[in-house]
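Everything on this sheet refers to the single structure shown next.
Residue numbers begin at 1 in each chain, while the letters A, B, ... track the order of the sequences. Here the structure is a predicted model, which means the values were calculated and not measured.
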Amino acid sequence: MNRSDDPSTLDEDRPLLDLLKDYPMQEAHTGFYDQAVVRATHEGSRRQRNRWLMTGFGSAVAAGLVLAFVSAVFLDAPTAPEADIPGVTMALAEPHTVNLVFSSNEALDRATLTVSLPDGVELVGFPGQREISWQTSLVVGKNLLPLKLIALTPTGGIVLARLEHGDRDRTFRLRIQIS
Amino acid sequence: MDTTSGSQLFDQLVRPHFDRLYRLAYRLTGSTPEAEDLFQELLIKAFGKLDDLVDIKEPAPWLARVMYNLFVDQHRRFARQRMLVVEEGRLPGDGLAGLPGSDDPVANNERMQRLTRLDAALQQLSEEHRIVVLLHDTEGYKLTEIQELTGTPVGTIKSRLHRARARLREILTADGTFS
């Protein structure tokens with residue numbers, strides 16, 4: 001490693017630098033690069049077509065129509081395609097803990113977390129409840145939320161986790177499949 | 001340029017830089033799913049600028065800058081877009097679990113503990129400090145490369161590096177990692 005540009009390195013830094021040099025990372029999943037290229041060329045082409053359509057509309061088009069078109073493009077854009085929703089597979093009638101990790105770049109006091117469950121999936125200890133809300137605080141970095149779920153029917157579905165703080169909110173989705 | 005030849009050209013231009021770009025994405029985001037998201041967004045953006053990319057003599061720094069700007073624009077938001085789902089037994093920091101080590105289980109265990117504590121200490125740094133120390137001390141980026149990537153003056157980067165190391169030493173001394 002070249003640290004010749006770092007004249008301020010101190011002897012006392014050496015153990016730390018050795019440790020940092022050893023700090024590991026996880027590789028991308030197998031086949032990810034090839035898939036990423038395919039998705040990029042497909043999605044990139046689609047966006048180029050949309051951009052061309054937008055340009056072709058021209059300035060003579062009424063503003064209302066343009067806005068409507070923009071909305072349509074945005075609605076069409078795969079901001080959260082079904083295929084990209086993370087998923088877990090559970091066995092029927094067997095409790096399964098799913099750990100959700102929220103990354104936050106700021107500490108949040110008194111944030112509200114609401115979990116909405118699909119029919120046939122329950123949070124252990126909360127029988128029959130489709131929606132559970134509680135207040136929580138988030139620290140800077142990763143925040144772990146373990147959810148102990150149990151599937152009562154083989155249907156599965158989407159779990160929604162909505163995080164609200166002040167006037168800001170974000171909703172995350174998790175697909176539950178039953179084996 | 002038709003779609004097929006464009007895709008092939010794109011692949012030829014960007015693939016040699018994939019490993020370095022993925023490592024950058026991982027160090028910026030700190031997790032595989034988020035790194036893959038960022039990497040994917042970069043490729044989509046880069047494919048849309050294929051005509052520019054063809055004329056760039058050194059695509060690697062250009063691609064890295066685009067990735068960093070995407071990270072700043074899209075990933076430094078309230079609770080990042082991606083929620084991670086971690087199966088039971090694979091909590092944050094489990095990336096350390098697959099760490100290759102020596103045949104000495106005692107040494108492996110000690111190393112794992114030190115790296116786990118380093119992981120926790122890094123989470124306590126601000127994002128700016130964490131990124132600088134990971135890029136410089138773990139990935140071996142030169143100060144000038146970080147300047148080019150982030151647009152931050154070298155003096156500021158040095159200052160962040162100094163403070164980040166000092167804070168890490170402080171945390172790791174307090175928890176007994178360093179004597």
TODO: Measure B/Leu42 against the heavy atoms of chain A and call it side chain, backbone, both or neither at under 4.5 Å.
DONE: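 Neither part.
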Open item on the list: Can you tell me which portion of B/Arg23 sits under 4.5 Å from chain A's heavy atoms? Options are side chain, backbone, both or neither.
Closed with: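 The answer is both parts of B/Arg23.
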Hydrophobic cluster membership, with links at side-chain heavy-atom distances under 4.5 Å among I/L/V/M/F/W/Y: are [X] and [Y] in one?
X	Y	answer
B/Leu50	A/Val38	no
B/Val133	A/Met25	yes
B/Leu63	B/Val72	yes
A/Leu92	A/Leu149	yes
A/Val121	A/Val124	no

- [ ] Report, by ascending residue number, the residues of residues 13-22 of chain B in heavy-atom contact with chain A at a distance under 4.5 Å; give 'none' if the set is empty.
- [x] B/Arg15, B/Phe18, B/Asp19, B/Tyr22
Which heavy atom of [X] sits nearest to which heavy atom of [Y], and what is that distance?
X	Y	answer
A/Tyr23	B/Leu118	CD1-CD2, 3.7 Å
A/Leu16	B/Arg165	CD2-O, 3.6 Å
B/Phe10	A/Ala40	CE2-CB, 4.3 Å
A/Pro24	B/Tyr26	O-CE2, 4.4 Å

- [ ] Test A/Leu19 against B/Arg114 for side-chain contact (heavy atoms from CB on, under 4.5 Å), laying out the working first.
- [x] CA-CA 8 Å; A/Leu19 194 58; B/Arg114 288 164 67 86; 3.9 Å; yes
TODO: Ignoring hydrogens and angles, tell me if any N or O in the side chain of A/Thr41 forms a donor-acceptor pair with the backbone of B/Ser7 under 3.5 Å.
DONE: no
- [ ] Against chain B, label A/Tyr33 side chain, backbone, both or neither, depending on which of its atoms sit under 4.5 Å from a heavy atom there.
- [x]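 Contact with chain B involves both backbone and side-chain atoms of A/Tyr33.
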- [ ] Verify the neighbour count for atom CZ of A/Arg110: are there more than 12 heavy atoms of other residues, nucleotides or ligands below 6.0 Å?
- [x] no
Task: Charged N-O contact under 4.0 Å between A/Asp22 and B/Arg111 - done: yes
Taking distance alone, no hydrogens or angles, what donor-acceptor pairs closer than 3.5 Å link side-chain atoms of residues 172-179 of chain B to residues at least two apart or in another chain?
from	atom 1	to	atom 2	distance (Å)
B/Thr173	OG1	B/Arg169	O	2.6
B/Asp175	OD1	B/Thr177	N	2.9
B/Asp175	OD1	B/Thr177	OG1	2.6
B/Thr177	OG1	B/Arg117	NE	2.6

Open item on the list: Quick check for you: among B/Leu168, B/Asp11, B/Leu134, B/Leu43, which has the greatest number of heavy-atom pairs under 4.5 Å with chain A?
Closed with: B/Leu43
